[in-house]
Undergrad: 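Please find one structure pasted underneath; my questions will follow.
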Amino acid sequence: MDIGVKIKNARIKAKLTQEQVAEALSVSRQTISNWENGKTYPDIISVIKMSDLYGISLDHLLKDKEEAPMANYLGYLEESTNIVKSKNRLSELILIAVYLVIWAVSLIVFWFFTSGSDGMGYSLMFLYILLPVTTFVISLLIGKNNYWGRWKWASVFVFGIMYMLAEYGTFNIANMIAFGKINVPSFEMILVGGFISALGLGTGSFLKFIKSKSK
C-alpha cells in the first residue's frame, strides 16, 4: 500500500479534515491532498507529526502489509537527503571561497595598490575592520547552518591561523622591509582571530537553537 493511501486512511480514521491536518502541520490543504493522492511525498518530519496527530505508530505508516519498508518512499527520502547534503556541501565550498577571495584580494591590494602611509592605514583597516567582520559573518553562517557538524569548531583554529598570516603578510612584512630586520609571526593574533570566529560560531549556533525551539 502506498504511503499516500495510508495517511489518508489514518486521517479519516482519526476523524480529521484535510484543513485541520494542514493547520496542525503548518502546510496548505493542497499539500495534504497531494500527499494523499500520491502526487508528492511528505518529508519525514511531517510523517512523524502525522503519526502523533493520528495516534498511530510511525512503523505502521512506513511499512506495508507484509511489514516490508515502502521502497518508493524510502527511495524518496534517500534522494531528498542526498540533495540536502549536496546543497550543504556547495554552501560550505562557497563560504570557504568567499573568505579566501576576500583574504587574498586584501593582501593583493595592500602590496600592489597602496604605498607608504597609505599602506599602513590600509593594513590597519584590513586587520581591524574588513577581516574581523568577514570572519564573524562567515563563522555565524557556519554555526547557524551547522556546516561540518561537530567539526565546525575546528574552524576557530583555522580562522585564527589565517588572521595571524594576514597580519604577518601585510603589516609585519612591510615593517621588516622598512627596517631591514626579521620578525617572527605574532602568534597572539591566532587568539584574536579565533576569538572573533568563536563569537560568530556561538552566535550562529544560538540562533539555530532559538529557531529549533520556535518550531
Undergrad: Give a yes or no answer on whether the side chain of S51 reaches the backbone of V47 with a donor-acceptor pair at less than 3.5 Å.
TA: no
Undergrad: Only counting residues at least two apart or in another chain, list the ones meeting side-chain contact (heavy atoms from CB on, under 4.5 Å) with K8.
TA: R11, I12, E36
Undergrad: Among all residues two or more places apart in sequence or in another chain, which pass the side chain to side chain donor-acceptor pair (under 3.5 Å) test with T40?
TA: none
Undergrad: If I take atom CG from residue L140 and atom OG1 from residue T135, how far apart are they, to the nearest 0.5 angstrom?
TA: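 It is 12.5 Å, given to the nearest 0.5 Å.
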Undergrad: Is any side-chain heavy atom of I3 less than 4.5 Å from a side-chain heavy atom of W35?
TA: no
Undergrad: Looking at CD of E92 and CG of L95, how far apart are the two atoms once the value is rounded to the nearest 0.5 Å?
TA: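 Going from the CD atom of E92 to the CG atom of L95 covers 8.0 Å.
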Undergrad: In the single-linkage hydrophobic clustering (I, L, V, M, F, W, Y; side-chain heavy atoms under 4.5 Å), do F179 and Y168 co-cluster?
TA: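 Per the 4.5 Å side-chain linkage, F179 and Y168 are not co-clustered.
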Undergrad: List the residues meeting side-chain contact (heavy atoms from CB on, under 4.5 Å) with S57, not counting sequence neighbours, and say none if there are none.
TA: D59, H60
Undergrad: Any heavy-atom pair between the side chains of F110 and M125 that's under 4.5 Å?
TA: no
Undergrad: Return the set of residues passing side chain to side chain donor-acceptor pair (under 3.5 Å) with S46 (not counting sequence neighbours), or none when no residue passes.
TA: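 Listed in chain order: D43.
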Undergrad: From Y147 OH over to I96 CD1, what is the distance, rounded to the nearest 0.5 angstrom?
TA: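 Rounded to the nearest 0.5 Å, the OH-CD1 separation comes to 11.0 Å.
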Undergrad: How close do V98 and I138 get, counting heavy atoms only, and between which atoms?
TA: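 Distance-wise, the nearest heavy atoms are CG1-CD1, 4.3 Å.
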Undergrad: May I ask whether F159 and I129 are part of the same hydrophobic cluster, defined by side-chain heavy atoms of I, L, V, M, F, W, Y residues being less than 4.5 angstrom apart, directly or through others?
TA: yes
Undergrad: Using the side chain to side chain contact (heavy atoms under 4.5 Å, CB included) rule, take M50 and I56 through it: C-alpha gap first, then chi angles, then the decisive distance, then the call.
TA: CA-CA 8 Å; M50 283 187 284; I56 60 175; over 6 Å; no
Undergrad: For residues 95-112, which residue pairs pass the side-chain hydrogen bond (donor to acceptor under 3.5 Å, both in side chains) check, not counting sequence neighbours?
TA: none
Undergrad: Among the clusters formed by ILVMFWY side chains lying less than 4.5 Å apart, do V109 and F112 turn up in the same one?
TA: yes
Undergrad: Check whether more than 12 heavy atoms from other residues, nucleotides or ligands sit under 6.0 Å from atom CD of E23, and answer yes or no.
TA: no
Undergrad: Quick check against the 3.5 Å criterion: does E167 have a side-chain atom that pairs as donor or acceptor with the backbone of L127?
TA: no
Undergrad: At their closest point, which heavy atom of I7 faces which heavy atom of Y54, and how far apart are they?
TA: O-CE1, 3.6 Å
Undergrad: How long is the straight-line distance from OG1 of T170 back to CG of L131, given to the nearest 0.5 Å?
TA: 9.0 Å
Undergrad: Any heavy-atom pair between the side chains of V21 and L53 that's under 4.5 Å?
TA: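 They are in contact (side-chain heavy atoms under 4.5 Å apart), so the answer is yes.
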Undergrad: In chain order, what residues pass the side chain to side chain donor-acceptor pair (under 3.5 Å) check against K152, with sequence neighbours excluded?
TA: N146
Undergrad: For the residue pair I32 and E19, establish whether any side-chain heavy-atom pair is separated by less than 4.5 Å.
TA: no
Undergrad: Quick one: do I102 and L130 satisfy side chain to side chain contact (heavy atoms under 4.5 Å, CB included)? Show the steps, please.
TA: CA-CA 9 Å; I102 293 175; L130 180 59; 4.2 Å; yes
Undergrad: Using 0.5 Å steps for rounding, measure from the CD atom of Q18 to the CD atom of Q20.
TA: 11.0 Å
Undergrad: Transitively linked via ILVMFWY side-chain contacts under 4.5 Å: W151 with L93?
TA: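 Unlinked, W151 and L93 end up in two clusters.
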Undergrad: Just list the side-chain donor-acceptor pairs under 3.5 Å for residues 182-204, sequence neighbours left out, or say none.
TA:
unit_1	atom_1	unit_2	atom_2	d
N183	ND2	N172	OD1	3.0
N183	ND2	N175	OD1	3.2
S197	OG	S139	OG	3.0
T203	OG1	L199	O	2.8

Undergrad: Just jot down the side-chain contact (heavy atoms from CB on, under 4.5 Å) partners of K39, sequence neighbours excluded, or say none.
TA: N34, N37
Undergrad: Using the side-chain contact (heavy atoms from CB on, under 4.5 Å) criterion, which residues pair with V101? Sequence neighbours excluded.
TA: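 side-chain contact (heavy atoms from CB on, under 4.5 Å) check on V101 returns V105.
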